[in-house]
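Below: one structure, written as structure tokens.
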Protein chains: 2
Amino acid sequence: MHTARQNEIIQKALQLIDSNGIQGLTIKNLSKEIGISEPAIYRHFENKEDIIMSILHMFRQHSEQIMIQVSKKETVSEQMDVLFEQYMHSFQNNPALVAVIFSEELFRNEGAQRELTSAIIAKNMTQVTKMLEKGVQQGTIRNDIPCEHLAYMMLGSLRLFVKNWQLSGFQFPLIEKGRELISSIKTLIVR
Amino acid sequence: MHTARQNEIIQKALQLIDSNGIQGLTIKNLSKEIGISEPAIYRHFENKEDIIMSILHMFRQHSEQIMIQVSKKETVSEQMDVLFEQYMHSFQNNPALVAVIFSEELFRNEGAQRELTSAIIAKNMTQVTKMLEKGVQQGTIRNDIPCEHLAYMMLGSLRLFVKNWQLSGFQFPLIEKGRELISSIKTLIVR
DNA sequence: CAGCAAAGTTAGTAAACACTAACAATTTTC
DNA sequence: GAAAATTGTTAGTGTTTACTAACTTTGCTG
């Protein structure tokens with residue numbers, strides 16, 4: 001789908017956003033980071049909007065990949081483990097990705113960015129909610145609380161947790177602490 | 001502390017960020033919104049950075065005010081109610097505030113912004129964690145889960161919930177649905 | 001190895017950006 | 001009600017922004 005250079009540009013763009021926010025993503029910074037001239041960027045992407053949309057598409061694809069892995073597991077308990085584990089590994093391997101899970105805040109300009117962003121989040125919430133509902137049906141998840149609320153807690157705490165990891169300057173072991181967090185969540189909602 | 005015009009500028013700046021992200025906050029937009037010329041802005045704030053810092057200070061003060069209200073309640077259960085209730089009312093009255101609770105994503109430029117932002121979030125987490133720990137000591141909060149994890153769930157779900165409200169275009173009744181969410185959380189962690 | 005497409009360059013554009021200088025109106029103060 | 005401070009204006013600064021035109025280098029292909 002993308003050439004090597006295009007992937008390089010997407011990755012560097014992500015890192016620029018990660019370290020300086022959306023305002024850090026300029027064509028100048030990007031070309032400097034990669035080591036080519038500004039106009040060379042336009043040999044690979046039509047415009048800046050195109051780069052941002054590619055970042056969002058990449059993240060969506062990434063999320064979908066995780067959900068595929070999740071759906072391979074049979075019990076909801078295992079699915080929750082895989083969901084967390086996969087996300088934690090993604091962030092560990094590519095810390096710049098943390099910037100994108102909060103993309104709602106970043107990409108509020110263009111209509112297209114906005115819509116894609118909303119869609120990704122909504123899909124995430126829906127999928128997790130459905131996963132939990134299946135658990136309720138199977139009798140493995142407690143049934144006295146709306147699954148939407150459980151999904152808020154799962155995804156909300158995951159997001160805040162990862163954000164704190166970033167704000168701390170990646171000071172604590174993400175995967176290890178992440179396992180402890182999901183374990184706590186499971187204690188609360190698995191029966 | 002601030003003059004009427006300064007407060008007006010802060011509020012409009014907040015609204016600009018809310019509707020178009022941090023990139024929507026320009027002196028031109030701001031002056032247009034208020035109905036004065038660009039240089040007139042500089043009669044009230046030294047520079048743009050100054051405006052942004054004032055937004056953050058306002059939000060910090062706002063949060064502190066809420067925590068004061070919270071600390072007036074005796075039981076942790078009541079404190080949780082007040083915490084949620086106060087935040088929900090704040091967002092209901094001033095939806096633009098939603099943009100600021102995710103300020104970590106917005107203000108990643110300057111060192112000063114970054115630090116203040118991190119400090120606000122860290123303080124929030126610490127205060128809620130301590131509140132829950134007191135509950136554990138009093139025997140009202142379950143003691144089989146680290147309070148830090150409970151704080152992640154409380155604040156994380158609150159954030160994601162409010163964000164969804166914003167993304168939905170304020171379609172659902174925030175306060176009502178918020179009460180349901182905190183009720184669910186309490187079912188899980190109050191014993 | 002000629003031909004050609006892909007990927008790079010330098011030099012430039014217009015628009016937007018934060019901000020300033022100089023002056024004018026308005027309001028406050030004594 | 002004059003002096004002074006405050007708050008506004010118009011016109012401009014230099015810098016940064018995304019992006020383009022025109023030309024050159026690189027690397028692959030028949």
Side-chain angles (χ1 to χ4, degrees), chain A residues 1-57 99 103 105-114 116, chain B residues 1-57 99 103 105-114 116:
Chain A
M1 201 68 96
H2 284 140
T3 66
R5 207 11 63 105
Q6 279 176 322
N7 283 325
E8 190 186 2
I9 291 172
I10 291 173
Q11 181 58 31
K12 292 283 187 205
L14 201 53
Q15 284 168 14
L16 281 172
I17 292 173
D18 179 52
S19 52
N20 290 96
I22 190 66
Q23 298 193 92
L25 177 58
T26 66
I27 304 299
K28 193 170 196 167
N29 287 347
L30 197 48
S31 60
K32 204 193 304 170
E33 200 70 21
I34 291 173
I36 57 178
S37 66
E38 289 184 53
I41 299 288
Y42 292 91
R43 295 286 170 202
H44 305 279
F45 288 95
E46 270 198 16
N47 48 39
K48 189 180 167 179
E49 171 80 8
D50 197 12
I51 297 172
I52 291 175
M53 288 301 280
S54 292
I55 291 175
L56 286 173
H57 278 117
S103 48
E105 288 313 305
L106 289 176
F107 310 125
R108 325 187 82 246
N109 290 331
E110 273 285 335
Q113 294 173 24
R114 229 173 174 134
L116 184 48
Chain B
M1 201 67 97
H2 284 139
T3 66
R5 226 330 89 99
Q6 279 176 323
N7 283 325
E8 191 185 0
I9 291 172
I10 290 172
Q11 182 58 32
K12 292 284 187 205
L14 201 53
Q15 283 168 14
L16 282 173
I17 292 172
D18 179 53
S19 53
N20 290 96
I22 190 66
Q23 298 193 94
L25 178 58
T26 66
I27 304 297
K28 195 171 194 167
N29 287 348
L30 197 48
S31 59
K32 203 192 305 171
E33 201 71 22
I34 291 172
I36 57 177
S37 65
E38 286 184 55
I41 300 288
Y42 293 91
R43 295 285 171 201
H44 306 278
F45 288 96
E46 268 197 18
N47 48 38
K48 190 180 167 180
E49 171 81 7
D50 198 12
I51 298 173
I52 291 174
M53 288 302 279
S54 293
I55 292 176
L56 286 172
H57 278 117
S103 48
E105 288 312 305
L106 288 175
F107 310 125
R108 324 187 81 246
N109 290 332
E110 273 284 337
Q113 293 173 25
R114 228 171 174 135
L116 184 49

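Quick caveat, the model's predicted, so the values are computed rather than measured. Order of the sequence lines sets the chain letters (A, B, ...), proteins ahead of strands, with each chain counted from 1. Hydrogens, waters and symmetry mates play no part in the numbers below; they use all other heavy atoms, side chains included.
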Just grab all the side chain to side chain donor-acceptor pair (under 3.5 Å) pairs involving residues 11-33 of chain B, residues at least two apart or on different chains.
-> B/Gln11-B/Asn94, B/Asp18-B/Gln166, B/Thr26-B/Asn29
The side-chain contact (heavy atoms from CB on, under 4.5 Å) partners of A/Phe45 (sequence neighbours excluded) come to A/Gln6, A/Ile9, A/Ile10, A/Asp50, A/Ile51, A/Ser54
Are A/Ile41 and A/Lys48 close enough that some pair of their side-chain heavy atoms sits under 4.5 Å apart?
->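 In short, these two side chains do not touch, never coming nearer than 4.5 Å.
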Do B/Met53 and B/Gln113 come within less than 4.5 Å of each other through their side chains, counting heavy atoms only?
->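 Heavy-atom side-chain distance check passes, below 4.5 Å.
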Please check the phosphate of D/dT9 (OP1 and OP2 only) for any side-chain N or O of B/Ser37 closer than 4.0 Å.
->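 For B/Ser37, the contact criterion (side-chain N or O under 4.0 Å from OP1 or OP2 of D/dT9) is met.
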Considering just the side-chain nitrogens and oxygens of B/His44, establish if one lies under 4.0 Å of OP1 or OP2 belonging to D/dG8.
->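 So the side-chain polar atoms of B/His44 do come within 4.0 Å of the phosphate oxygens OP1 or OP2 of D/dG8, strictly under.
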Non-neighbouring partners of B/Arg114 that pass side chain to side chain donor-acceptor pair (under 3.5 Å), sequence neighbours left out =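 Per chain and number, B/Arg114 pairs via side chain to side chain donor-acceptor pair (under 3.5 Å) with no residue.
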Considering residues at least two apart in sequence or located in another chain, which fulfil the side chain to side chain donor-acceptor pair (under 3.5 Å) criterion with B/Glu8?
->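 Once residues adjacent in sequence are excluded, the partners of B/Glu8 under the side chain to side chain donor-acceptor pair (under 3.5 Å) criterion are B/Arg5.
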Can you tell me how far the CG atom of B/Leu25 sits from the CD1 atom of B/Ile52, to the nearest 0.5 Å?
-> 5.5 Å
Could you say whether B/Arg5 or A/Glu46 is positioned toward the 5' end of DNA chain D, judged by the nucleotide with the nearest heavy atom to each?
->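 Upstream on the strand: B/Arg5.
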Check salt bridge (charged side-chain N to carboxylate O under 4.0 Å, His left out) between B/Glu49 and all other residues, then give those that pass, not counting sequence neighbours.
->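 Once residues adjacent in sequence are excluded, B/Glu49 has no partner under the salt bridge (charged side-chain N to carboxylate O under 4.0 Å, His left out) criterion.
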Measure all distances between protein nitrogen or oxygen atoms and nitrogen or oxygen atoms of nucleotides 14-18 of chain D, and list the pairs falling under 3.5 Å.
from	atom 1	to	atom 2	distance (Å)
D/dA18	OP1	A/Lys48	NZ	2.7
D/dA18	OP2	A/Ile27	N	3.1

DNA chain C: 5'-most and 3'-most nucleotides touching chain A, 4.0 angstrom heavy-atom criterion = C/dA7 to C/dA11
Atom-to-atom span, CZ of B/Phe45 to P of D/dT6 - whole angstrom =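 Computing the B/Phe45:CZ to D/dT6:P distance gives 16 Å.
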Which whole-number value in Å describes the distance from A/Ile41 CD1 to D/dT20 C1'?
-> 15 Å
